[in-house]
Amino acid sequence: EQHIPQTFYKAIAGGLWTVIAEKTGLPVSAQQKELAIAMLALKGLSTDNLQLLKECWSQCEWALYVPAGDNAVNPKLLAQAVQLVAAIEQLS
């Protein structure tokens, strides 16, 4: 049960990277946040969504380094990630 939050946050981050890689052609070896942000911006992702992506990544990273007892699943993050994936998938 202590691993549920970590699994949740890893899944959110992994899902975001999967859709970003599909949309930008960015190979796993080149997955750097600044590069991904720049490529998504060039493809027309809104500044609001770019900021939301940064916030999602921050939450995921924070959650993975906090002791399990201090960590809980943030249901709002899932909704934000779903919104982001939809926005990224609509890019040309």
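Please read these numbers as outputs of a predicted model, since none were measured by experiment.
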Leu40 and Asn49: side-chain contact (heavy atoms from CB on, under 4.5 Å), yes or no, with the steps? CA-CA 10 Å; Leu40 291 169; Asn49 279 327; over 6 Å; no
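Side-chain contact between Leu26 and Gln32 is absent, with no heavy atoms from C-beta onward closer than 4.5 Å. Side-chain contact between Gln80 and Leu84: absent, with no pair of heavy atoms (C-beta onward) separated by less than 4.5 Å. Contact of the Leu77 side chain with the Cys60 side chain is registered, since non-hydrogen atoms from C-beta on lie closer than 4.5 Å.
Closest of all the heavy-atom pairs between Leu50 and Ala41 is CD1-CB, 3.7 Å. Met39 and Thr24 get closest at one heavy-atom pair: CE-O, 3.4 Å. Residues Ile88 and Lys23 come closest through the heavy atom pair O-CE, 3.2 Å. Here the closest non-hydrogen pair linking Ala36 and Trp57 is CB-CH2, 4.0 Å. Annotation for Ser92 and Lys43: closest pair O-NZ, 3.2 Å, computed over non-hydrogen atoms. Here the closest non-hydrogen pair linking Ala81 and Cys56 is N-SG, 4.4 Å.
With rounding to the nearest 0.5 angstrom, the CG atom of Leu64 is 9.5 Å from the OG1 atom of Thr7. Interatomic distance, Gln51 CD to Ile37 CD1, rounded to the nearest 0.5 Å: 8.5 Å. Considering CG of Asn74 and CZ of Phe8, their distance stands at 6.5 Å, rounded to 0.5 Å. Atom CD of residue Gln83 and atom CG of residue Leu53 lie 11.5 Å apart, to the nearest 0.5 angstrom.
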